[in-house]
J.: 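Below is the structure I would like to discuss, written out as structure tokens.
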Amino acid sequence: MAARTPDARRELEPVQEYTMRQYMADKVRKLQAQGEAITGTNAIVAAEPNKPGVFLGVRVFVTGYTEPSQQELRALVFTHGGLFVHYLTPAEEITYIVATQLTPKKVQEWGGRALYRVVTPAWVVDSASAGCRLPWATYQPECMRGRGQASLLRQLTSTATSNPSSVTQPTGMATELMIRTAALPPQMAANSAIPKPTPPIPSGGLGPPGSGAKGPSRTTATDPAFLKNYYQASRLHLLSAFKSELQAYIIEQVTAAGAATGPSRPPPGPGEHRVIFYADFDCFFAAVALRSRPDLVDRPVAVSHCQDPTTQSSHSDLASCNYVARNFGIKNGMHVGRARQLCPQLVLLPYDFEAYKAISRAFYQILTEYSPHVQVGSMDEAILDVTHHFPADAHPGSSDGTAYLGLAQRLRGQVHAATGCQISVGIATSIVLAKLAARRAKPHGQFYIAPETATAVIAPLPVRDLPGVGWSNANKLATQSITTIGQLQQADPSGLADLLGPKVAQQLQRLACGKDDRLVQTHTERRSIGTEVGWGVRFERTDQVIRFLADLCREVSQRMAAAAVQGRSVVLKVKRRQSGAGEPHKHLGHGLCDTFTRTASLPLATREATVLQTACERLLRQLAVPPTELRALGIQVQKLVSDTPGFVRMVEEPTLHTFFSGPQW
DNA sequence: ATCCTCCCCTAC
DNA sequence: TAAGGTAGGGGAGGAT
Ligand SMILES: Nc1ccn([C@H]2C[C@H](O)[C@@H](COP(=O)(O)OP(=O)(O)OP(=O)(O)O)O2)c(=O)n1
Ligand SMILES: [Mg+2]
């Protein structure tokens, strides 16, 4: 069975009887965004999953854009006992096809079939709220009813305003919002007036000097120091921020070495024989914590912010757990409460961000001694092309991989000596295979997958192990009984494309067959820089929101300076509490939200915080979310342009030169 | 066709 | 209590 997201798992109480149902149950929970209560109009039905099924025994297929969204429809169908099918099989049973509009081709294809009943989303919604299945014929989309070009045309041109099923709230943007946005003048307007960003409010009562009754919590975004505190404590921020630091470092290394010794040998091309190492620390954060607590190595251990051993229901995340803990079913990302259910004797240890950074630097330092072709996976994970260690005459045919394993052994020993932590190394002729080999190698081992045996070796592995198969894709595949890589190898390509989309389907099936011509890339051009906070966002007033937004703009501005880029487009991202959603289980978390983004073009490439701020304030106004409903706020700058080389960079960019001593390969 | 915007998904 | 970030791939649907 496919793994569940932590969020879905968290909320999983009743275990459903059928696989399909279980899939849907998970999906619903996943969609509720971390097991918050189901909200809005859907709550009426979805909150009572055991209610007798309006759609019992009914097959439903949803296609194209719908409102409510496909996901919400799925939830409705499932919670009322229906069967949600991912693609249309040659009809043997009655299948309800839910669509707002159909292409002429589909009208023709489906219109004549007795077993296909094409209905609008309103049929699902109305039937659900009516508590019985309503006559489908009255819910046919116009294009089906008329069956003429004229009505189809009308349908196409009127979709924006016609809203047949106003029963449900829109998932995404509120209707009111669409109107406002549409009514606005073109975004050029942002360029003309040059409005100034809102100046800071003197002291209206925000800020830590307790503003009367109950001053803003130290852990809430109303506090001026929030952003800094938050980033200092956020592991996910650390992961992302340090990854880009590493990438910048690797680029420097490569260019510096290139300048000093001439360009290194280029990495082998797609068709050529390659030897790839995939190196990854074992339970990284947990292993670091255990360095100073060797007494605990044989006990189940995990790293989290929650240190109180008495709390039984904490929703603090486990960042990493050791392999002893994994034997209890504990996984990275799980909440403390859940982990304690699985293993009451679990020991929690604190984070040590500085140690992770130091160890990661040491790790990459060593890696660059082995090859200039290093791709940063994360703090604790890297891909190396080490082909050049194995002269051409050695590898054809050979390959019990002894030589490769020897080099990996040496690397592992060196990393362990330098860091006190273990890595595992996967070896293969492509990145996917090396990654799968690394998984097999864990913990503290190494494994080589020879290309001749690859397809057979990976066939029994769970499809979830493939990069690109996350929670959603795994569950889609599971609906077609594809749970192993081998089954994916055999799957019908066109069915797969219907299920996953053409690109993803093709890519995954290729990967499943061990086909992967991606090169180890030391450098890719950065295309966006952004920042986002989805925790502790609790505002009362607009001035507080504006102030926080300004912080975000300054943050991004600084990062752009560090990266020596400017940008010509800003995106504002906002999460809004879903109506009806109560406080999330996770303390100060965002809970169940709708997400919105809005883009503004900038007149000139810039990284001026005030310019970003002005644009973002405007976008925020467009979105018209009441401050109290905000649960996350973020901005992203796109269409990046590098500073002209030379003094600007030297002046503005914080130094990376002290990151390390130097390269030597 | 191809581009753009607004999503969703994935990985650590 | 608790620290649910971030960049990139990709799809749907509208504009051009
Ligand atoms: N949901 C997650 C997943 C990972 N991490 C952090 C902590 C991990 O230690 C580190 C590396 O992630 P890995 O996926 O490599 O997991 P581990 O290194 O912990 O375990 P292993 O690689 O042995 O499976 O990233 C996290 O904070 N939250
Ligand atoms: Mg790891």
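We name chains A, B, ... by the order of the sequence lines, and we start the count at 1 in each one.
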J.: Indicate whether OP1 or OP2 belonging to C:dA12 is found under 4.0 Å from a side-chain N or O atom of A:Lys503.
T.: no

J.: Measuring to OP1 and OP2 of C:dG5, would you say a side-chain N or O of A:Tyr230 lies under 4.0 angstrom away?
T.: yes

J.: For A:Arg235, give me all partners under salt bridge (Lys or Arg N to Asp or Glu O under 4.0 Å), at least two apart in sequence or on another chain.
T.: A:Asp317

J.: Think A:Ser244 has a side-chain N or O under 4.0 angstrom from the OP1 or OP2 of C:dA7?
T.: no

J.: Under 4.0 Å, counting only non-hydrogen atoms across every strand here, what does A:Arg559 touch: a base, just sugar-phosphate, or nothing?
T.: sugar-phosphate

J.: OP1 or OP2 of C:dT6 versus the side-chain N and O atoms of A:Ser528: is any pair under 4.0 Å?
T.: no

J.: Just call it for A:Val533: base, sugar-phosphate, or nothing, with non-hydrogen atoms closer than 4.0 Å on any strand.
T.: sugar-phosphate

J.: Using a heavy-atom cut-off of 4.0 Å across all strands, would you classify A:Glu381 as base, sugar-phosphate, or nothing?
T.: sugar-phosphate

J.: For residues A:Gln341 and A:Arg338, is any side-chain donor paired with an opposing acceptor at under 3.5 Å?
T.: yes

J.: Whether A:Arg518 contacts C:dG8 is assessed here as follows: a side-chain N or O lying under 4.0 Å from the phosphate OP1 or OP2. Is that the case?
T.: no

J.: Just call it for A:Lys573: base, sugar-phosphate, or nothing, with non-hydrogen atoms closer than 4.0 Å on any strand.
T.: nothing

J.: Verify the contact: side-chain N or O of A:Lys586 to OP1 or OP2 of C:dA3, cut-off strictly under 4.0 Å; return yes or no.
T.: yes

J.: Where the side chain of A:Leu236 is defined as all heavy atoms beyond and including C-beta, which of C:dG9, C:dA2, C:dG5 is the nearest nucleotide?
T.: C:dG5

J.: Students often get this wrong, so: under 4.0 angstrom with heavy atoms, is A:His237 touching a base, only sugar-phosphate, or nothing?
T.: sugar-phosphate

J.: Check this one for me: any side-chain N or O of A:Thr531 less than 4.0 Å away from OP1 or OP2 of C:dT6?
T.: yes

J.: Quick one: A:Leu633 CG to C:dG5 P, roughly how many Å, whole number?
T.: 11 Å

J.: Report yes if at least one side-chain N or O of A:Tyr231 is closer than 4.0 Å to OP1 or OP2 of C:dT6; otherwise report no.
T.: yes

J.: Taking OP1 and OP2 of B:dC7, is either one under 4.0 Å from a side-chain nitrogen or oxygen of A:Arg598?
T.: yes

J.: Assign A:Gly530 to base, sugar-phosphate, or nothing according to its heavy-atom contacts below 4.0 angstrom with the strands shown.
T.: sugar-phosphate

J.: Looking at A:Glu532 and A:Lys575, is there a salt bridge between them, counting it only when a charged N and a carboxylate O are closer than 4.0 Å?
T.: no

J.: Could you tell me whether A:Gln506 contacts a base, only the sugar-phosphate backbone, or nothing, with contacts defined as non-hydrogen atoms closer than 4.0 Å?
T.: nothing

J.: Closest approach of A:Ile250 and A:Val374, non-hydrogen atoms and distance?
T.: CG2-O, 3.9 Å

J.: Atom CG of A:Leu623 to atom P of B:dT5: distance rounded to whole Å?
T.: 15 Å

J.: Can you figure out which of B:dC12, C:dA3, C:dG8 approaches the side chain of A:Arg527 most closely?
T.: C:dG8

J.: State plainly whether the residues A:Arg576 and A:Asp594 are in salt-bridge range, i.e. N to O under 4.0 Å.
T.: no

J.: NA contact type, A:Gly589, heavy-atom cut-off 4.0 Å: base, sugar-phosphate, or nothing?
T.: base

J.: Remember a base hit wins even if backbone is also touched, and classify A:Ile529 as base, sugar-phosphate or nothing at under 4.0 Å, heavy atoms.
T.: sugar-phosphate

J.: C:dA3, B:dC7, C:dT1: which one has an atom nearest the side-chain heavy atoms of A:His587?
T.: C:dT1

J.: Check whether the side chains of A:Thr222 and A:Gln544 place a donor and an acceptor atom closer than 3.5 Å, and report yes or no.
T.: no

J.: Per the salt bridge (Lys or Arg N to Asp or Glu O under 4.0 Å) rule, what does the pair list look like for residues 520-531 of chain A, sequence neighbours excluded?
T.: none

J.: Which part of the nucleic acid, if any, lies within contact of A:Leu500, taking any heavy atom under 4.0 Å across all strands shown: a base, the sugar-phosphate backbone alone, or nothing?
T.: nothing

J.: Is there a side-chain polar atom (N or O) of A:Asn473 under 4.0 Å from OP1 or OP2 of B:dT10?
T.: yes

J.: Using only side-chain N and O atoms of A:Thr311, determine if any of them is under 4.0 Å from OP1 or OP2 of C:dT1.
T.: no

J.: Nearest to the side chain of A:Ser314, heavy atoms from C-beta on, is which of C:dA2, C:dA3, B:dC9?
T.: C:dA2

J.: Starting from C1' on C:dT1, measure out to CZ on A:Arg340 and report it in whole angstrom.
T.: 13 Å

J.: Any side-chain N or O of A:Arg526 below 4.0 angstrom from OP1/OP2 of C:dA7?
T.: yes

J.: Counting just side-chain N and O atoms, does A:Ser240 come under 4.0 Å of either OP1 or OP2 of B:dC12?
T.: no

J.: Of the candidate nucleotides C:dG5, C:dA2, B:dC6, which contains the atom at the shortest distance from the side chain of A:Thr597?
T.: B:dC6

